[in-house]
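For reference, the structure discussed in these notes is given below.
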Amino acid sequence: GENVEQHPSTLSVQEGDSAVIKCTYSDSASNYFPWYKQELGKGPQLIIDIRSNVGEKKDQRIAVTLNKTAKHFSLHITETQPEDSAVYFCAASLSGNTPLVFGKGTRLSVIA
Amino acid sequence: GAGVSQSPSNKVTEKGKDVELRCDPISGHTALYWYRQSLGQGLEFLIYFQGNSAPDKSGLPSDRFSAERTGGSVSTLTIQRTQQEDSAVYLCASSQVAGGGNEQYFGPGTRLTVT
(Lines give C-alpha, C1' and ligand atoms only; values in the text may rest on other atoms or scores of the structure.)
Protein backbone atom coordinates (compact mmCIF):
# COMPACT_ATOMS: atom_id res chain seq x y z
CA GLY A 1 0.00 0.00 0.00
CA GLU A 2 0.86 3.67 -0.11
CA ASN A 3 3.44 5.12 2.27
CA VAL A 4 4.00 8.86 2.69
CA GLU A 5 7.13 10.30 4.29
CA GLN A 6 7.21 13.96 5.39
CA HIS A 7 10.17 16.18 6.34
CA PRO A 8 11.06 18.04 8.43
CA SER A 9 9.06 17.14 11.53
CA THR A 10 9.62 20.63 12.96
CA LEU A 11 10.48 23.90 11.24
CA SER A 12 11.12 27.35 12.68
CA VAL A 13 11.35 30.41 10.44
CA GLN A 14 11.50 34.14 10.98
CA GLU A 15 8.43 36.12 10.02
CA GLY A 16 8.67 37.10 6.36
CA ASP A 17 10.92 34.19 5.40
CA SER A 18 9.82 31.24 3.28
CA ALA A 19 9.03 27.74 4.54
CA VAL A 20 9.30 24.52 2.55
CA ILE A 21 7.92 21.13 3.57
CA LYS A 22 8.66 18.03 1.51
CA CYS A 23 6.87 14.71 1.09
CA THR A 24 7.60 11.51 -0.79
CA TYR A 25 5.16 8.75 -1.69
CA SER A 26 5.62 5.16 -2.72
CA ASP A 27 2.64 4.21 -4.92
CA SER A 28 3.05 5.47 -8.48
CA ALA A 29 -0.72 5.06 -8.98
CA SER A 30 -1.45 7.89 -6.53
CA ASN A 31 -2.60 11.01 -8.37
CA TYR A 32 -4.11 13.34 -5.79
CA PHE A 33 -1.96 15.20 -3.24
CA PRO A 34 -3.63 17.55 -0.71
CA TRP A 35 -2.07 19.60 2.07
CA TYR A 36 -3.82 20.26 5.37
CA LYS A 37 -3.19 22.81 8.11
CA GLN A 38 -4.15 21.83 11.65
CA GLU A 39 -4.31 24.35 14.46
CA LEU A 40 -4.40 23.31 18.09
CA GLY A 41 -7.68 21.72 19.07
CA LYS A 42 -9.13 21.87 15.56
CA GLY A 43 -9.62 19.46 12.68
CA PRO A 44 -7.33 19.56 9.63
CA GLN A 45 -8.17 22.28 7.11
CA LEU A 46 -7.57 21.68 3.39
CA ILE A 47 -5.36 24.53 2.17
CA ILE A 48 -4.25 23.44 -1.29
CA ASP A 49 -4.13 20.33 -3.43
CA ILE A 50 -2.57 19.17 -6.67
CA ARG A 51 -3.37 16.45 -9.17
CA SER A 52 -0.87 14.45 -11.17
CA ASN A 53 -1.60 16.20 -14.45
CA VAL A 54 -0.24 19.46 -12.99
CA GLY A 55 3.33 20.24 -11.91
CA GLU A 56 2.71 23.34 -9.83
CA LYS A 57 -0.21 25.19 -8.30
CA LYS A 58 -0.29 28.54 -6.49
CA ASP A 59 -2.78 30.23 -4.23
CA GLN A 60 -1.58 33.59 -2.93
CA ARG A 61 1.33 32.89 -0.55
CA ILE A 62 1.18 29.12 -0.82
CA ALA A 63 2.27 26.87 -3.66
CA VAL A 64 2.64 23.16 -4.19
CA THR A 65 4.96 21.41 -6.64
CA LEU A 66 4.79 17.81 -7.80
CA ASN A 67 7.47 15.64 -9.38
CA LYS A 68 5.79 12.40 -10.47
CA THR A 69 8.99 10.83 -11.74
CA ALA A 70 10.70 11.22 -8.38
CA LYS A 71 7.44 10.68 -6.47
CA HIS A 72 7.77 13.75 -4.31
CA PHE A 73 5.78 16.91 -3.72
CA SER A 74 6.42 20.03 -1.69
CA LEU A 75 4.56 22.87 0.02
CA HIS A 76 6.02 26.36 -0.21
CA ILE A 77 4.82 29.21 1.99
CA THR A 78 6.24 32.65 1.21
CA GLU A 79 6.23 35.78 3.37
CA THR A 80 5.35 33.73 6.45
CA GLN A 81 3.23 35.29 9.17
CA PRO A 82 2.71 34.25 12.81
CA GLU A 83 -0.76 32.95 11.93
CA ASP A 84 0.88 30.40 9.62
CA SER A 85 2.14 28.61 12.76
CA ALA A 86 0.42 25.22 12.85
CA VAL A 87 0.98 21.55 12.01
CA TYR A 88 0.94 20.83 8.28
CA PHE A 89 0.14 17.40 6.84
CA CYS A 90 0.67 16.12 3.32
CA ALA A 91 -1.36 13.22 1.96
CA ALA A 92 -1.67 11.06 -1.12
CA SER A 93 -4.44 9.02 -2.68
CA LEU A 94 -6.02 7.91 -5.89
CA SER A 95 -8.56 10.32 -7.29
CA GLY A 96 -12.19 9.55 -6.78
CA ASN A 97 -13.28 8.73 -3.28
CA THR A 98 -10.50 6.81 -1.64
CA PRO A 99 -8.89 7.11 1.77
CA LEU A 100 -6.03 9.57 2.16
CA VAL A 101 -2.65 8.32 3.38
CA PHE A 102 -1.04 11.03 5.51
CA GLY A 103 2.48 11.98 6.37
CA LYS A 104 3.30 12.38 10.06
CA GLY A 105 3.12 16.17 9.97
CA THR A 106 5.42 19.20 10.24
CA ARG A 107 5.11 21.62 13.14
CA LEU A 108 5.81 25.08 11.69
CA SER A 109 6.64 27.93 14.03
CA VAL A 110 6.85 31.45 12.61
CA ILE A 111 8.81 33.71 14.93
CA ALA A 112 7.80 37.36 14.97
CA GLY B 1 -22.85 26.47 4.54
CA ALA B 2 -22.33 24.28 7.59
CA GLY B 3 -19.23 22.15 7.76
CA VAL B 4 -18.74 18.67 9.16
CA SER B 5 -19.85 18.44 12.77
CA GLN B 6 -18.93 15.82 15.37
CA SER B 7 -20.21 15.04 18.82
CA PRO B 8 -19.28 14.88 21.56
CA SER B 9 -16.22 17.13 21.35
CA ASN B 10 -14.70 15.36 24.34
CA LYS B 11 -15.44 12.00 25.90
CA VAL B 12 -13.87 10.48 29.00
CA THR B 13 -14.76 6.87 29.65
CA GLU B 14 -13.63 4.05 31.88
CA LYS B 15 -11.76 1.10 30.45
CA GLY B 16 -14.19 -1.61 29.37
CA LYS B 17 -17.12 0.70 28.65
CA ASP B 18 -18.62 1.18 25.18
CA VAL B 19 -18.61 4.57 23.46
CA GLU B 20 -20.45 5.97 20.46
CA LEU B 21 -19.13 8.87 18.39
CA ARG B 22 -21.27 10.80 15.92
CA CYS B 23 -20.50 12.54 12.64
CA ASP B 24 -22.76 14.83 10.58
CA PRO B 25 -21.23 15.32 7.11
CA ILE B 26 -21.62 18.31 4.85
CA SER B 27 -25.06 18.24 3.26
CA GLY B 28 -24.95 16.50 -0.12
CA HIS B 29 -21.61 14.77 0.47
CA THR B 30 -22.05 11.08 -0.24
CA ALA B 31 -18.63 9.87 0.90
CA LEU B 32 -17.73 9.79 4.59
CA TYR B 33 -14.45 8.80 6.26
CA TRP B 34 -13.33 8.10 9.81
CA TYR B 35 -9.70 8.65 10.79
CA ARG B 36 -7.89 8.42 14.11
CA GLN B 37 -5.13 10.76 15.30
CA SER B 38 -3.05 9.63 18.25
CA LEU B 39 -1.03 12.15 20.26
CA GLY B 40 1.62 13.74 18.07
CA GLN B 41 0.92 11.35 15.20
CA GLY B 42 -0.48 11.60 11.73
CA LEU B 43 -3.94 10.54 10.71
CA GLU B 44 -4.74 6.84 10.48
CA PHE B 45 -7.60 5.71 8.21
CA LEU B 46 -10.31 3.61 9.88
CA ILE B 47 -13.31 3.18 7.56
CA TYR B 48 -14.96 4.74 4.52
CA PHE B 49 -18.63 4.94 3.50
CA GLN B 50 -20.06 5.49 0.07
CA GLY B 51 -23.71 6.21 0.75
CA ASN B 52 -24.73 3.72 3.44
CA SER B 53 -22.31 0.98 2.43
CA ALA B 54 -18.73 0.59 3.62
CA PRO B 55 -16.53 -0.60 0.74
CA ASP B 56 -13.38 -0.23 2.79
CA LYS B 57 -13.17 -1.27 6.45
CA SER B 58 -9.51 -2.19 6.23
CA GLY B 59 -8.36 0.35 8.80
CA LEU B 60 -10.48 -0.79 11.72
CA PRO B 61 -7.90 -1.91 14.32
CA SER B 62 -9.97 -4.68 15.89
CA ASP B 63 -13.44 -6.20 15.99
CA ARG B 64 -14.23 -3.92 18.93
CA PHE B 65 -14.60 -1.11 16.38
CA SER B 66 -17.66 -0.80 14.16
CA ALA B 67 -19.40 1.95 12.26
CA GLU B 68 -22.66 2.50 10.50
CA ARG B 69 -24.24 5.15 8.36
CA THR B 70 -27.95 5.54 7.86
CA GLY B 71 -29.92 7.63 5.39
CA GLY B 72 -26.72 8.48 3.55
CA SER B 73 -25.97 11.13 6.15
CA VAL B 74 -25.13 10.72 9.84
CA SER B 75 -22.53 8.13 10.82
CA THR B 76 -21.72 6.63 14.20
CA LEU B 77 -18.45 4.97 15.20
CA THR B 78 -18.81 2.54 18.09
CA ILE B 79 -15.95 1.25 20.20
CA GLN B 80 -16.84 -1.65 22.48
CA ARG B 81 -14.95 -2.60 25.64
CA THR B 82 -12.66 0.42 25.33
CA GLN B 83 -8.95 0.07 26.10
CA GLN B 84 -6.44 2.75 27.06
CA GLU B 85 -4.77 2.47 23.64
CA ASP B 86 -8.06 3.65 22.10
CA SER B 87 -7.40 7.12 23.53
CA ALA B 88 -7.03 9.45 20.54
CA VAL B 89 -8.82 12.12 18.54
CA TYR B 90 -11.35 10.59 16.16
CA LEU B 91 -11.85 12.66 13.03
CA CYS B 92 -14.59 12.45 10.46
CA ALA B 93 -14.35 13.82 6.90
CA SER B 94 -16.78 14.01 4.01
CA SER B 95 -16.44 14.55 0.28
CA GLN B 96 -18.56 14.75 -2.82
CA VAL B 97 -18.51 11.91 -5.30
CA ALA B 98 -19.37 14.00 -8.33
CA GLY B 99 -16.51 15.58 -10.23
CA GLY B 100 -13.99 12.87 -9.52
CA GLY B 101 -12.24 14.94 -6.91
CA ASN B 102 -11.20 13.67 -3.53
CA GLU B 103 -11.35 16.89 -1.50
CA GLN B 104 -12.07 15.72 2.02
CA TYR B 105 -13.33 18.21 4.60
CA PHE B 106 -12.78 17.41 8.24
CA GLY B 107 -14.81 18.00 11.36
CA PRO B 108 -13.29 19.24 14.64
CA GLY B 109 -12.91 15.72 16.01
CA THR B 110 -13.88 13.91 19.20
CA ARG B 111 -11.15 13.60 21.80
CA LEU B 112 -11.56 10.23 23.50
CA THR B 113 -9.81 9.53 26.78
CA VAL B 114 -10.00 6.04 28.27
CA THR B 115 -9.05 5.92 31.95
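Protein chains get the first letters and strands the later ones, always in sequence-line order, with residue 1 at the start of each. Both backbone and side-chain heavy atoms feed into the values below; hydrogens, waters and symmetry mates do not. In this text the structure is predicted, and so the values were computed from the model without any measurement.
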(request) Between chain B and each of A/V4, A/V87, A/L46, count heavy-atom pairs under 4.5 Å; write down the option with the most. (result) A/L46
(message) Taking every non-hydrogen pair under 4.5 Å, which of B/Q37, B/Q6, B/Q104 racks up the most with chain A?
(response) B/Q104
(request) Compare all side-chain heavy atoms of A/F102 with those of B/Y35 and state whether any distance is below 4.5 angstrom. (result) yes
(request) Look at atom NZ of A/K104 and say whether more than 12 heavy atoms of other residues, nucleotides or ligands are closer to it than 6.0 Å. (result) no
(request) Under 4.5 Å heavy-atom distance to chain B, tell me which part of A/T98 shows up: side chain, backbone, both or neither. (result) both
(message) Salt bridge check, B/E103 against A/R51: does any charged N sit closer than 4.0 Å to a carboxylate O?
(response) yes
(request) Pick one of side chain, backbone, both or neither for B/L91, based on which atoms fall under 4.5 Å of a heavy atom in chain A. (result) side chain
(message) Quick check on the hydrophobic clustering: are B/L32 and B/L77 connected, directly or via other members, by side-chain heavy-atom contacts under 4.5 Å?
(response) yes
(request) Tell me whether A/V64 is reachable from A/F33 by hopping between hydrophobic residues (I, L, V, M, F, W, Y) whose side-chain heavy atoms are closer than 4.5 Å. (result) yes
(request) Go through A/G103, A/S93, A/G105, A/P99 and name the one with the most non-hydrogen pairs under 4.5 angstrom from chain B. (result) A/P99
(message) One pair to check against side-chain contact (heavy atoms from CB on, under 4.5 Å): B/F45 and A/L100. What are the steps and the verdict?
(response) CA-CA 7 Å; B/F45 166 72; A/L100 296 171; over 6 Å; no
(message) Just checking A/E15: does its CD atom have more than 12 heavy atoms from other residues, nucleotides or ligands closer to it than 6.0 angstrom?
(response) yes
(request) Determine, using the 4.5 Å side-chain heavy-atom cutoff (strictly less than), whether B/Y48 and B/I26 are members of one ILVMFWY cluster. (result) yes
(request) Let me know if A/Q38 has heavy atoms under 4.5 Å from chain B in its side chain, its backbone, both or neither. (result) side chain
(message) Looking at every non-hydrogen atom in both residues, tell me the closest pair between A/F89 and B/G42 and how far apart they are.
(response) CE2-CA, 3.7 Å
(request) Establish whether B/I47 and B/V74 are linked, either directly or via other cluster members, by ILVMFWY side-chain heavy-atom contacts under 4.5 Å. (result) no
(message) Is it the case that atom CD in A/E83 sees more than 12 heavy atoms from other parts of the structure closer than 6.0 Å?
(response) yes
(message) Atom CD of residue position B/E14 - does it have more than 12 heavy atoms of other residues, nucleotides or ligands inside 6.0 Å?
(response) no
(message) Is A/P34 in contact with chain B via its backbone, its side chain, both, or neither, using a 4.5 Å heavy-atom distance?
(response) neither
